[in-house]
Novice: 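Let me begin by handing over the structure; questions about it come next.
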Amino acid sequence: MPELPEVETIATNLRRGTPNQPPLPGMIVSAGSVLWPRTLATPTIDEFDKLIPGQAVTEISRRGKYLVIQLSRETLLIHLRMSGDLLVLSDETPPAPHDRLIVRFLGGYRLVFNDPRKFGRVWLVTHPGSVLASLGPEPLDEDFTPQRFYCMLQQHHRRLKPLLLDQSFIAGLGNIYTDEALHMAGLHPLQLSQNIAVEQAGRLWVSIRHVLQEGIRRNGASIDWVYRGGDFQNYFRVYQRTGKPCPVCATPVERSVIGQRSSHYCPQCQPPPV
DNA sequence: CACGAGACCTGTTCGC
DNA sequence: TGCGAACAGGTCTCGT
């Protein structure tokens with residue numbers, strides 16, 4: 001799915017609006033409608049339909065890969081998982097295939113959660129902490145220091161790739177940005193976290209923040225049939241570039257499956273652990 | 001605690 | 001051309 005930069009881009013667009021869509025803050029909900037029941041994690045559809053009308057959107061933010069839409073009384077949390085997307089559309093725009101949940105507003109606009117694969121989830125809760133509690137630190141926050149990151153790595157005995165994908169370890173990284181960061185840091189995805197030297201941890205810290213910021217600057221990545229407007233996909237170093245030359249040393253990029261996910265890396269720049 | 005397999009889903013692309 | 005396999009930005013649960 002969308003990873004941190006894609007969710008950040010969507011949050012910014014919802015907050016500020018775009019040439020095609022008005023800003024969400026200030027809008028007042030007229031009704032909710034759940035088209036695919038499993039999309040709504042909590043509460044029940046009946047309660048959702050009852051609770052959401054009349055609430056105003058007050059604030060839009062992001063935590064990890066969750067979109068956080070603050071309403072007058074409750075908080076709407078949205079996770080796009082693999083194929084979810086959020087659109088603000090006017091009443092003139094007809095419904096689309098794969099629309100899963102809709103929040104309608106006074107004034108003729110609606111927020112549409114569209115999700116072909118149906119993995120995405122929406123929560124309407126009083127306390128967002130109940131859903132977000134297990135998330136690790138935000139990699140772009142000030143209190144996420146290289147020193148702290150080194151300590152975190154030392155506390156686990158796990159392979160780097162699955163560890164970085166673990167949202168309770170660090171929030172927001174997915175398959176793309178993890179592969180990109182490991183390549184930039186010159187670290188193999190199978191490297192064990194406890195064997196990382198301070199200096200290597202520092203390089204990984206810089207790399208993680210660099211690729212995330214680069215992703216945000218380019219409005220995220222749009223790949224496969226899910227186009228969200230970003231163009232970071234044109235700047236991938238290794239992700240989905242199997243067999244193509246490493247941008248640093250021209251060695252063909254390799255792919256292997258690690259922890260059920262495909263990993264892309266340069267065997268020259270990212271030597272495998274002994 | 002760390003890890004692999006399976007589940008949840010649909011759509012696109014690959015390979016024979 | 002056609003058809004099944006492989007694959008896709010994620011996360012959960014279960015068994016070892």
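Labels below follow one simple rule: chain letters A, B, ... track the order of the sequence lines, proteins then strands, and each chain is numbered from 1.
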Novice: Would you list the pairs meeting ring-ring contact (aromatic ring centres under 6.0 Å, His included) in which at least one residue belongs to residues 84-126 of chain A, sequence neighbours left out?
Specialist: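 Sorted pair list: A/Tyr66-A/Trp123.
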Novice: In whole angstroms, how far is the C1' atom of B/dA5 from the CZ atom of A/Arg261?
Specialist: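 Whole-Å distance recorded here is 15 Å.
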Novice: Taking only Lys NZ, Arg NE, NH1 and NH2, and the carboxylate oxygens of Asp or Glu, determine whether A/Asp91 and A/Arg104 approach each other closer than 4.0 Å.
Specialist: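 Judged by the 4.0 Å cut-off on N to carboxylate O distance, A/Asp91 and A/Arg104 do not form a salt bridge.
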Novice: Could you state the CG-P distance from A/Leu80 to B/dC9, rounded to the nearest angstrom?
Specialist: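 Answer to the nearest Å: 17 Å.
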Novice: Hey, would you say the A/Phe232 and A/Tyr239 ring centroids sit under 6.0 Å apart?
Specialist: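 Not close enough - the centres of the two rings lie 6.0 Å or further apart.
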Novice: On the nucleotide B/dT10, are OP1 or OP2 found under 4.0 Å from the side-chain N or O atoms that A/Lys118 carries?
Specialist: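 For B/dT10, OP1/OP2 do have a side-chain N/O of A/Lys118 under 4.0 Å.
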Novice: Rounded to whole angstroms, how far apart are CG on A/Leu35 and P on B/dT10?
Specialist: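 In whole Å, B/dT10 P and A/Leu35 CG are 15 Å from each other.
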Novice: Which one, B/dC9, B/dG4, C/dA8, comes nearest to the side chain of A/Ser262?
Specialist: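 Nucleotide nearest to A/Ser262's side chain: C/dA8.
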Novice: Does the base of C/dA8 carry an N or O that pairs as donor and acceptor with the side chain of A/Gln240 under 3.5 Å?
Specialist: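 No.
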Novice: Less than 4.0 angstrom between a side-chain N/O of A/His79 and OP1 or OP2 of C/dT11, yes or no?
Specialist: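 Answer is yes, contact under 4.0 Å.
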Novice: Nearest to the A/Tyr239 side chain among C/dG10, B/dG4, C/dA8, which nucleotide is it?
Specialist: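 Of C/dG10, B/dG4, C/dA8, C/dA8 is nearest to the side chain of A/Tyr239.
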Novice: Taking the minimum atom-to-atom distance to the side chain of A/Arg38, which one of B/dC8, C/dA8, B/dT10 wins?
Specialist: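 Nearest to the side chain of A/Arg38 among the choices is B/dC8.
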Novice: Under 3.5 Å, sequence neighbours excluded: what are the donor-acceptor pairs made by side chains of residues 147-155 of chain A?
Specialist:
| residue | atom | partner | partner atom | Å |
| --- | --- | --- | --- | --- |
| A/Arg148 | NH1 | A/Asp143 | O | 3.2 |

Novice: Check ring pair (Phe, Tyr, Trp, His ring centres under 6.0 Å) between A/Phe48 and all other residues, then give those that pass, not counting sequence neighbours.
Specialist: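 A/Phe48 satisfies ring pair (Phe, Tyr, Trp, His ring centres under 6.0 Å) with no residue once adjacent residues are dropped.
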Novice: Looking at C/dT11, I'd like to know if its phosphate oxygens (OP1 or OP2) sit under 4.0 Å from a side-chain N or O belonging to A/Gln167.
Specialist: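 Looking at the OP1 and OP2 atoms of C/dT11, one of them is under 4.0 Å from a side-chain N or O of A/Gln167.
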Novice: Check the distance between C/dT11's C1' and A/Leu173's CG and give it to me in whole angstrom.
Specialist: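 Nearest whole value for this atom pair: 15 Å.
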Novice: Are A/Arg117 and C/dG10 close enough that a side-chain N or O sits under 4.0 Å from OP1 or OP2?
Specialist: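 The answer is no; no side-chain N or O of A/Arg117 sits under 4.0 Å from OP1 or OP2.
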Novice: Starting at CG of A/Asp85 and ending at C1' of B/dG11, how long is that distance when rounded to a whole Å?
Specialist: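 Distance, rounded to whole Å: 15 Å.
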Novice: Roughly how many Å is it from CG in A/Asn175 to C1' in C/dC7, rounded to a whole number?
Specialist: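 In whole Å, C/dC7 C1' lies 12 Å from A/Asn175 CG.
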Novice: Write down the distance between CG (A/Asp99) and P (B/dT10), rounded to a whole number of angstrom.
Specialist: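 After rounding, the gap between these two atoms is 15 Å.
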Novice: Grab the CE-C1' distance between A/Met82 and B/dT12 for me, whole Å please.
Specialist: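 Going from CE in A/Met82 over to C1' in B/dT12 covers 13 Å.
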Novice: Using the P atom as the reference point in each nucleotide, state the distance between C/dG4 and B/dC9 in Å, no decimals.
Specialist: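 So the two P atoms sit 23 Å from each other.
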Novice: Has A/Phe119 got its ring stacked on the base of C/dT11, with centres under 5.5 Å and planes less than 30° apart?
Specialist: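 Here A/Phe119 fails the 5.5 Å or the 30° condition.
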Novice: Sequence neighbours excluded, which residues qualify as ring pair (Phe, Tyr, Trp, His ring centres under 6.0 Å) partners of A/His210?
Specialist: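 Per chain and number, A/His210 pairs via ring pair (Phe, Tyr, Trp, His ring centres under 6.0 Å) with no residue.
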Novice: Kindly give the atom pairs (protein nitrogen or oxygen, nucleotide nitrogen or oxygen) under 3.5 Å for nucleotides 1-3 of chain B.
Specialist:
| residue | atom | partner | partner atom | Å |
| --- | --- | --- | --- | --- |
| B/dA2 | OP1 | A/His157 | N | 3.0 |
| B/dC3 | OP1 | A/Arg159 | NE | 3.4 |
| B/dC3 | OP2 | A/Arg158 | NE | 3.3 |

Novice: Using residues 130-140 of chain A as the side-chain source, report each donor-acceptor pair under 3.5 Å to any protein atom, sequence neighbours left out, with the distance given to one decimal.
Specialist:
| residue | atom | partner | partner atom | Å |
| --- | --- | --- | --- | --- |
| A/Ser130 | OG | A/His127 | O | 2.7 |
| A/Glu138 | OE1 | A/Arg62 | NH1 | 3.0 |
| A/Glu138 | OE1 | A/Arg62 | NH2 | 3.0 |
| A/Glu138 | OE2 | A/Arg63 | NH1 | 2.9 |
| A/Glu138 | OE2 | A/Gly64 | N | 2.6 |

Novice: Could you give the distance separating B/dA5 and C/dA6 at their P atoms, to the nearest angstrom?
Specialist: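 Looking at atom P only, C/dA6 and B/dA5 are 14 Å apart.
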Novice: Which heavy-atom pair separates A/Gln233 from A/Gly220 by the least distance, and what is that distance?
Specialist: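 Minimum heavy-atom contact is OE1-O, 4.3 Å.
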Novice: Choosing from C/dG10, B/dT10, B/dG6, which nucleotide comes nearest the side chain of A/Gln260?
Specialist: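 Nearest to the side-chain atoms of A/Gln260, counting from C-beta on, is B/dG6.
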Novice: Dump the intermediate steps for side chain to side chain contact (heavy atoms under 4.5 Å, CB included) on A/Leu124 and A/Leu77, then the final yes or no.
Specialist: CA-CA 6 Å; A/Leu124 182 67; A/Leu77 297 170; over 6 Å; no
Novice: Grab the stems for DNA chain B, please: at least three consecutive Watson-Crick or wobble pairs, both distances below 3.5 Å, written as range with range.
Specialist: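 Stem list for DNA chain B: B:2-8 with C:10-16, B:10-16 with C:2-8.
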Novice: In terms of side-chain heavy atoms of A/His98, which of B/dG11, C/dC7, C/dG10 is nearest?
Specialist: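 Nearest to the side chain of A/His98 among the choices is B/dG11.
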Novice: Of all residues at least two apart in sequence or in a different chain, which pass the ring pair (Phe, Tyr, Trp, His ring centres under 6.0 Å) check with A/His188?
Specialist: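 Ring pair (Phe, Tyr, Trp, His ring centres under 6.0 Å) check on A/His188 returns A/Tyr265.
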Novice: Among pairs that include at least one residue of residues 229-258 of chain A, which meet salt bridge (Lys or Arg N to Asp or Glu O under 4.0 Å), considering only residues two or more places apart or in two chains?
Specialist: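 Every pair satisfying salt bridge (Lys or Arg N to Asp or Glu O under 4.0 Å) with a residue in residues 229-258 of chain A: A/Glu180-A/Arg237, A/Glu214-A/Arg237.
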